[in-house]
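Contents: one structure, followed by commentary.
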Amino acid sequence: MQARREKLRRLQDMGVNPYPHVFHRTHKAAEIKSNFDIFENKEVAIAGRLMAIRRMGKASFAHVEDSSGRIQIYVRLDEVGEQSYEIFKLSDIGDIIGLVGRVVKTRTGEITVQVMQYTLLAKTLRPIPVVKEKIEGDKRIVYDAFSDKEMRYRQRYLDLIVNPHVRDVFVKRTRIISSMREFLNQRGFLEVETPILQPLYGGATARPFTTHHNTLDMTLYLRIANELYLKRLIVGGFDAVYEFAKDFRNEGMDRFHNPEFTMMELYVAYEDYYYMMDLVEQMFCKIAEDLYGGYEIIYQGQKIDLTPPWPRVPLFEAIEKETGFDLFGKNLDELRAIAGKLHIEWDESWGEGKLIDEIFSEKVEPTLIQPTFIIDYPISLSPLAKKHRDKPGLVERFEPFIAGREMGNAFTELNDPIDQRQRFLAQLELRARGDDEAQPLDEDFLRALEYGMPPTTGLGVGIDRLVMLFTDQPSIRDVIFFPQMRPEQYKL
RNA sequence: GAGGGUGUAGCUCAGCCUGGUAGAGCAGCGGCCUUUUAAGCCGUUGGUCGAAGGUUCGAUUCCUUCCACCCUCACCA
């Protein structure tokens, strides 16, 4: 709106700099509001964005919002003088202002800063959506919420200005990650960084993004996982390493998938997947405790109790319990017949592992609301996991499920280089049959294993989904600041 | 990739079925108001109705195509 440019010019004519360099704050809104007895009648300097204005001629109320929250201000002509009151009158909702004032309580009991000096810190040229709210008892009624999802995601800055609960989600995201770091650092883990640009991708089954390096004139891939690099570091002698990694997968997008996402992988030498299950329980509990002070959380209306120990249910037992069918040792035809009886559509190209996985995700996964470890998966689904110590055909692998969702993936890692080579060769066969997600053979990784990797356990946790769980958000786009979007046609 | 839905003022929406070129609230602008809080009262500006084409005397409304977004499903973490 060009009325704002006009105001800007009038301010400049008055000799006001609409974009000064600095403003020294002494306090934030929330501090003042929660310690009124200390601040009463004291002078404070605060700054923030004007979010509501109620003008009444020669005196006005407004709300200023800073990173901590909102506080009411009271501006009187006789208190700030002609010039400042004029500047205030030229202010719009959205303008960034600074002020010095006295902390008081109004007739209705609201803690308010009575302004003595009023300074414009940044004039807005675009109007921000005005969201009004009314508090009725405990209920907060929001009027004209800024709710268009496309705009919220494309212009996240606006979303953050206008929707305070969005800010809260992202603050929690950072706190979750720091809790995990703290947890791991306390246990002596080393945080490391490994390549994002990889000459060969691996460590997961997915299609990669491809790019090109000019000087080397070669194809490089954006990593789909960092597993093989972290294991090389275990070979190198580190006892426990972890990395928060941006991974990239060239697949579809929906409320659980973004092309780039954050994964935390960790590896521990001389331990197995039983150790890792204990670690996962403890880590999730620490996050819950740091965030909410207890082990109980609510996700989409479901109460979830993270108190350990979580049940550890073998995959085949879990399937049998839900469907009545024991899939263990069944061949392809038998599995297809069972899938048919369970009304699950399957594809000719699927192998045994894929069918089992499908039956599991259709029939069992949605039932796993309370934290559960599903353990011991078929070998064919897990080319990097070590064979089970007593169950032939299976590997020592587990996935924690919470609220019907897989929250991670862990194994006792395969450290036998000959077995690992055979598994890679099996993947190559799948690839030859047209499975473009099968993993390529990584000769250097095999060489590393041939130098000897200690017994090791490893874990991967999808951070975005973890944050969804702990912040009660239904879509991955609500926990990533700038989710992937088709580019908009630029219009001003 | 398949199905369903949505697109009208800066924001939230009505109007469309039953064609006659647009309305409300908030925001904005002007006025009154020195304890208001979804402030109030009076006045007022603002929209090539997602884009293109078709039917029609006439399309925001009916038809076709396209674009964008949302939801569900499929692939995947």
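Order of the sequence lines sets the chain letters (A, B, ...), proteins ahead of strands, with each chain counted from 1. Quick caveat: nothing in here was measured; it's all calculated off a predicted structure.
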**Study point:** Length of the line joining A/Leu50:CG and B/G28:C1', which is rounded to integer Å
**Key:** 15 Å
**Study point:** Position toward the 5' end of RNA chain B (nearest nucleotide), A/Lys58 or A/Ala206
**Key:** A/Lys58
Review point. Using a cut-off of less than 4.0 Å, is there contact between a side-chain N or O of A/Arg54 and OP1 or OP2 of B/C33?
Key: no
**Study point:** Nucleotide nearest A/Phe146 (side chain, heavy atoms from C-beta), chosen from B/U36, B/C11, B/C26
**Key:** B/C11
Exercise for review: Measure from the side chain of A/Glu150, starting at C-beta and using heavy atoms only, and say which of B/C33, B/A27, B/C69 lies closest.
Suggested key: B/C69
Review point. Does B/G7 have a Watson-Crick or wobble mate here (both distances under 3.5 Å), and if so which one?
Key: B/C67
**Study point:** Distance below 4.0 Å between A/Lys132 side-chain N/O and B/A27 OP1 or OP2
**Key:** yes
**Study point:** Nearest listed nucleotide, side chain of A/Phe61, among B/A74, B/C29, B/U35
**Key:** B/U35
Check your understanding: Under 4.0 angstrom, heavy atoms only, what part of the nucleic acid is A/Asn258 near: base, sugar-phosphate, or nothing?
Key -> base
Review point. Just checking A/Gly462: base, sugar-phosphate only, or nothing, at a heavy-atom cut-off of under 4.0 Å?
Key: nothing
Review point. Heavy atoms, side chains only, cut-off 4.5 Å: are A/Phe244 and A/Met263 in contact?
Key: no
Check your understanding: Atom CZ of A/Arg4 and atom P of B/G46: how far apart are they, to the nearest Å?
Key -> 19 Å
Review point. Choosing from B/C69, B/U34, B/G30, which nucleotide comes nearest the side chain of A/Arg10?
Key: B/G30
Check your understanding: Base, sugar-phosphate alone, or nothing: which one does A/Ser147 contact when heavy atoms must sit under 4.0 Å apart?
Key -> sugar-phosphate
Check your understanding: Checking all strands, does A/Arg405 fall into the base, sugar-phosphate, or nothing category for heavy-atom contacts under 4.0 angstrom?
Key -> nothing
Practice item. Could you please name the partner base of B/U60, counting Watson-Crick and G-U wobble pairs only when both distances are under 3.5 Å? Key: none
Review point. Looking at A/Tyr377, is A/Arg397 sitting on its ring face, NZ or CZ under 6.0 Å from the six-membered ring centre and within 45 degrees of the normal?
Key: yes
Check your understanding: Does the side chain to side chain donor-acceptor pair (under 3.5 Å) test come out yes or no for A/Ser67 and A/Lys28, once each step is laid out?
Key -> CA-CA 8 Å; A/Ser67 59; A/Lys28 291 199 181 176; 3.0 Å; yes
Practice item. Look at the side chain of A/Ala59 and decide which nucleotide, out of B/C69, B/U34, B/C26, has an atom nearest to it. Key: B/U34
Exercise for review: Measure from the side-chain heavy atoms of A/Ala3 and tell me the nearest of B/C75, B/C29, B/C70.
Suggested key: B/C29
**Study point:** Quiz item: A/Gln72 side-chain donor-acceptor pair to B/U36 base, under 3.5 Å
**Key:** yes
Check your understanding: With the threshold set at 4.0 Å, does a side-chain nitrogen-carboxylate oxygen contact exist between A/Arg152 and A/Asp148?
Key -> no
Practice item. Select base, sugar-phosphate, or nothing to describe what A/Met263 touches, counting heavy atoms under 4.0 Å on all strands. Key: nothing
Exercise for review: Could you check if a side-chain atom of A/Arg405 sits within less than 4.5 angstrom of a side-chain atom of A/Phe256, using non-hydrogen atoms only?
Suggested key: yes
Check your understanding: Watson-Crick or G-U wobble partner for B/U44, using a 3.5 Å limit on both distances?
Key -> B/G28
Review point. Phosphate oxygens OP1/OP2 of B/U6: is one of them under 4.0 Å from a side-chain N or O of A/Lys149?
Key: no
Point to revise | Whole-Å gap separating P (B/C11) and CD1 (A/Ile161) | key: 14 Å
Review point. Taking CD1 from A/Ile71 and C1' from B/U36, how many angstroms apart are they, rounded to a whole number?
Key: 15 Å
Practice item. Could you work out the separation of B/U45 and B/C26 based on their C1' atoms and round it to a whole Å? Key: 15 Å
**Study point:** Proximity to the side chain of A/Val130 - top-ranked nucleotide from B/U12, B/C26, B/G30
**Key:** B/C26
Check your understanding: Reckon A/Thr205 touches a base, only the sugar-phosphate, or nothing at all at heavy-atom distances under 4.0 Å?
Key -> sugar-phosphate
Review point. Which of these nucleotides, B/C33, B/A74, B/C69, is closest to any side-chain atom of A/Arg477?
Key: B/C69
Practice item. Pick base, sugar-phosphate or nothing for A/Glu362, based on heavy-atom distances below 4.0 Å to the nucleic acid. Key: sugar-phosphate
Study note, to complete from the structure: Heavy-atom nearest nucleotide on RNA chain B taken for A/Asp92 and for A/Glu110; more 5' hit belongs to A/Asp92
Point to revise | Among B/C75, B/C33, B/C70, the one nearest A/Lys354 by side-chain distance | key: B/C75
**Study point:** Nucleotide B/C42, atom P - distance to CZ of A/Arg55 in whole Å
**Key:** 20 Å
Exercise for review: Counting Watson-Crick and G-U wobble pairs only, both distances under 3.5 Å, name the nucleotide matched with B/U18, or none.
Suggested key: none
Exercise for review: Determine: side-chain N/O of A/Arg249 to OP1/OP2 of B/C75, distance under 4.0 Å, yes or no.
Suggested key: no
**Study point:** A/Tyr221 and A/Asn250 side chains, donor-acceptor separation under 3.5 Å
**Key:** no
Review point. Hey, do the aromatic rings of A/Phe411 and A/Tyr267 have their centres closer than 6.0 Å?
Key: no
Review point. Do A/Asp254 side-chain and B/C75 base share a donor-acceptor contact under 3.5 Å?
Key: yes
Review point. Cationic tip of A/Arg55 within the cone over A/Phe88's six-membered ring, i.e. under 6.0 Å and within 45° of the normal?
Key: yes
Review point. Quick one: A/Lys134 NZ to B/G25 C1', roughly how many Å, whole number?
Key: 14 Å
Practice item. Answer with base, sugar-phosphate or nothing: what part of the nucleic acid does A/Asp148 contact at a heavy-atom distance below 4.0 Å? Key: sugar-phosphate
Check your understanding: Partner of B/A2 by Watson-Crick or G-U wobble geometry, both contacts under 3.5 Å, or none?
Key -> B/U72
Review point. Any side-chain N or O of A/Arg107 under 4.0 Å from OP1/OP2 of B/U36?
Key: yes
